[in-house]
Amino acid sequence: MELLFAVLGGLILGAVSHVVVPWRSTRGVLLGPVVGGVVAAVVWEALTWAGWRYDGTWIWVVALVGALLVAVVAEWVLGRRRSAADDTYFERARA
């Protein structure tokens with residue numbers, strides 16, 4: 001049951017990262033929530049296999065902050081790359 005809440009938290013934080021990071025129009029709406037949910041699930045399972053307790057504070061902090069950071073980085077990198085690729089394409093098309 002805790003895994004479900006961790007994934008839900010990752011989805012919500014990924015959605016927040018979609019709104020916060022610029023270049024919103026250059027990437028899909030579901031990129032942030034999907035990345036956040038997947039990272040939260042993987043980190044949560046890795047930490048439980050490592051022996052961290054479900055009711056501990058640090059497993060929640062690490063899983064959710066990790067999901068948020070990876071979602072923000074993924075959206076930042078993909079947004080910048082898409083914007084640069086679009087600018088390059090428009091310059092080539094204009095010439």
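Numbering starts at 1 and runs along the sequence shown. Not measured: the values here are computed from a predicted model.
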Query - Interatomic distance, L64 atom CG to I59 atom CD1 [nearest 0.5 angstrom] - result: 10.0 Å

Query raised in the report: Taking only residues two or more places apart in sequence or in another chain, which ones pass side-chain hydrogen bond (donor to acceptor under 3.5 Å, both in side chains) with R53?
Result: D55

Query raised in the report: Are W76 and P22 close enough that some pair of their side-chain heavy atoms sits under 4.5 Å apart?
Result: yes

Query - Contact check, side chains of E2 and W60, non-hydrogen atoms, under 4.5 Å - result: yes

With a cut-off of 3.5 Å and sequence neighbours excluded, list every side-chain donor-acceptor pair involving residues 43-51.
residue	atom	partner	partner atom	Å
T48	OG1	W44	O	3.3
T48	OG1	E45	O	2.8

Query - Any residue meeting ring-ring contact (aromatic ring centres under 6.0 Å, His included) with W52, in chain and number order, not counting sequence neighbours - result: none

Which atom of [X] lies closest to which atom of [Y], heavy atoms considered:
X	Y	value
A71	G36	CB-N, 4.3 Å
S17	G32	OG-CA, 4.2 Å
A41	V7	CB-CG2, 3.6 Å
A40	G10	CB-CA, 4.0 Å

State plainly whether one hydrophobic cluster holds both [X] and [Y], where clusters connect Ile, Leu, Val, Met, Phe, Trp and Tyr through side-chain heavy atoms under 4.5 angstrom apart.
X	Y	result
V61	V42	no
V39	V77	no
L3	L11	yes
V34	V19	no
L8	L13	no

Report task. Could you note down all residue pairs passing salt bridge (charged side-chain N to carboxylate O under 4.0 Å, His left out) where residues 3-23 supplies at least one of them, sequence neighbours left out? Result -> none

Query raised in the report: For residues 21-44, which residue pairs qualify under salt bridge (charged side-chain N to carboxylate O under 4.0 Å, His left out), counting only residues two or more places apart or in two chains?
Result: R27-E75

**Report entry** All pairs passing side chain to side chain donor-acceptor pair (under 3.5 Å) where residues 81-91 contributes a residue, at least two apart
**Finding:** R82-D86, E91-R94

